[in-house]
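For this chain, numbers begin at 1 and follow the sequence in order.
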Amino acid sequence: MNILVVGGGGREHALCWKIAQSPRVKTLWCAPGNAGIAEVAECVDIAADDVPALIEFAIENVADLVVIGPEAPLIAGLGDRLREIGIAVFGPNSAAAQVEGSKAFTKALCDRAGIPTARYGTFTDPAAAKAFLDGLEPPYVLKADGLAAGKGVVIPDTREAAEAEIDEMLSGKFGDASRTLVIEEFLHGEEASVFALCDGKTAMPMIAAQDHKRAFDGDEGPNTGGMGAYSPAPVADAAIIKRTMDQIVMPAVKTLAAEGMPYSGVLYAGLMIGPDGPKLIEFNARFGDPECQILMMRMLTDIVPYLKACADGALNTMPPLSWHGSAAVTVVMAAKGYPGKYEKGTEIRGVEKANELDDVTVFHAGTRRSDDGRLLANGGRVLNVTARGVDQRAAIERAYEAVDKIDWPQGFCRRDIGWRALEHSR
């Protein structure tokens with residue numbers, strides 16, 4: 001098969017790394033890719049959101065399957081356009097991708113499908129939004145309806161701060177994304193992510209993971225796109241994954257199909273797991289980043305037939321996925337200053353030494369090669385140092401052994417990735 005992967009981050013490097021291992025692959029392209037992806041796929045200089053150019057490339061090069069990594073091209077309708085011309089796609093159409101593109105859409109879907117989630121209200125009027133706070137206890141959860149680059153959720157501790165934030169968000173703090181506001185009750189428990197492959201009619205569970213969103217050790221500092229992740233997630237055992245499939249994923253898939261929006265691709269359920277079991281915090285229409293990196297490290301099965309089965313509506317013909325019984329962890333190395341202002345173009349050394357360690361793969365999230373072949377940082381999150389081990393402690397130790405072989409003075413990472421898993425194991 002000729003396969004095109006769309007995207008250029010750590011998630012797409014992990015997908016390309018896994019896809020490239022399949023004997024079913026003839027040619028693998030990635031648009032736009034990065035310096036790490038270039039080692040396993042042919043990088044194509046087309047931006048991930050350049051829908052017309054991606055379609056032209058897929059037609060000219062006779063792509064058999066297009067795997068869409070990030071959410072923006074999904075929501076922009078890349079999948080719809082490719083399906084219209086008969087090219088198989090892994091990723092939902094734009095209507096189904098609203099599960100990520102609109103928080104209000106997802107909350108309304110939960111109502112229609114009977115999916116357990118936080119009590120909520122949807123508002124465009126500041127006075128009505130503030131009145132809704134009367135029925136909630138602080139802290140308050142305020143979510144911009146649309147995509148806001150991962151920054152659209154604010155959790156004020158006081159009524160005064162919540163009312164000020166309501167005014168800011170509905171006045172365009174996040175542009176069009178916060179013209180509509182979702183306000184939720186604060187859920188108590190432990191967060192985890194469960195991933196499922198979907199073909200528009202049915203779904204197959206993958207595994208669960210937990211990530212670390214805060215920038216600094218001890219879960220301090222600003223929220224980020226994710227500073228590390230690990231799997232398995234002790235809080236999301238087999239019973240919780242089954243409940244998630246039965247009570248959250250399958251009701252969503254069946255409801256979307258019945259309403260003419262069949263969901264095909266991977267459905268990422270962000271959960272809060274409390275005394276009443278899992279409740280949905282959010283859906284995402286793509287693999288998590290950096291969770292995808294640990295999923296690909298733990299997956300034993302050839303992924304390509306499953307990607308194609310999702311595209312073809314044939315997932316019910318496939319056996320369950322197989323996984324390494326070992327644990328996996330990924331540590332994100334980011335440019336100093338991230339998630340605020342940071343410098344690009346700094347040199348990174350030692351990645352090859354890290355990759356030489358057993359059960360270690362360094363996925364590139366934001367890198368490029370200089371004209372003379374040096375590896376340079378080209379983003380905020382730059383490397384995902386990923387390792388397997390017989391248990392969480394061994395995987396964590398191996399990941400940090402690899403981190404310490406990388407020479408990049410302008411980068412930083414958290415040194416406590418996986419601390420919750422270690423606490424569970426005590």
Side-chain angles (χ1 to χ4, degrees), residues 7-14 32-39 48 69-70 148-155 174 209-230 288-294 329-357 360-387 395-420:
R11 166 182 50 218
E12 290 77 28
H13 188 182
N34 63 38
I37 294 171
E39 295 171 10
K151 301 180 176 70
V153 179
V154 182
I155 305 179
F174 298 109
Q210 286 183 289
D211 73 344
H212 296 265
K213 284 281 190 271
R214 298 291 187 126
F216 307 127
D217 287 12
D219 289 332
E220 298 289 332
N223 268 333
T224 70
M227 292 300 293
Y230 54 93
D289 190 351
E291 295 96 332
C292 183
Q293 289 80 314
I294 47 179
V329 64
T330 188
V331 177
V332 173
M333 298 187 73
K336 286 179 180 175
Y338 174 81
K341 291 182 179 177
Y342 54 85
E343 185 182 356
K344 288 185 179 182
T346 56
E347 185 174 357
I348 305 163
R349 299 183 181 91
V351 171
E352 297 83 359
K353 290 179 183 175
N355 272 324
E356 286 170 3
L357 292 171
V360 169
T361 300
V362 181
F363 295 114
H364 293 227
T367 61
R368 65 179 178 87
R369 289 281 176 192
S370 65
D371 292 341
D372 58 0
R374 292 174 300 130
L375 185 64
L376 305 179
N378 196 41
R381 294 188 297 169
V382 176
L383 299 172
N384 309 140
V385 182
T386 310
I396 290 165
E397 288 175 357
R398 179 52 56 98
Y400 281 112
E401 182 186 354
V403 165
D404 291 338
K405 292 194 177 294
I406 295 172
D407 177 14
W408 183 34
Q410 296 84 7
F412 78 99
C413 68
R414 283 183 56 162
R415 304 295 305 199
D416 64 346
I417 299 302
W419 67 265
R420 281 191 197 89

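- Here the NE2-CG distance, from His13 to Leu383, works out to 10.5 Å after rounding to the nearest 0.5 Å.
- Ion pairing of Arg398 with Glu401 is present here, as a side-chain N (NZ or NE/NH1/NH2) and a carboxylate O approach within less than 4.0 Å.
- Thr224 contributes a side-chain N or O that, together with a main-chain N or O of Lys213, makes up a donor-acceptor pair within less than 3.5 Å.
- Partner of His364 under the side chain to side chain contact (heavy atoms under 4.5 Å, CB included) criterion, out of Val351, Asn378, Asn384: Val351 alone.
- Looking at Asn34, its side chain does come within 3.5 Å of a backbone N or O of Gly8 through a donor-acceptor pair.
- Between atom CE of residue Met227 and atom CZ of residue Phe412 there is a gap of 4.0 Å, rounded to the nearest 0.5 Å.
- Arg369 is not listed as a side-chain neighbour of Leu376, based on a closest heavy-atom distance of 4.5 Å or more.
- Annotation: Arg349, atom CZ; neighbour count of heavy atoms from other residues, nucleotides and ligands within 6.0 Å does not exceed 12.
- Judged by distance alone, the side chain of Glu220 and the main-chain N or O of Asp217 form no donor-acceptor pair under 3.5 Å.
- Side chain of Arg381 to main chain of Asp289: a donor-acceptor pair is present (N/O by atom type, distance under 3.5 Å, no hydrogens or angles).
- The side chain to side chain contact (heavy atoms under 4.5 Å, CB included) test with Ile406 is passed by exactly one of Val382, Ile348, Asn355: Ile348.
- The neighbour count for Asp372 CG, taken as heavy atoms of other residues, nucleotides or ligands under 6.0 Å away, is above 12.
- Atom CZ of residue Arg368 and atom CZ of residue Arg374 lie 8.5 Å apart, to the nearest 0.5 angstrom.
- Side-chain atoms of Asp416 come within 3.5 Å of backbone N or O of Gly218 as a donor-acceptor pair.
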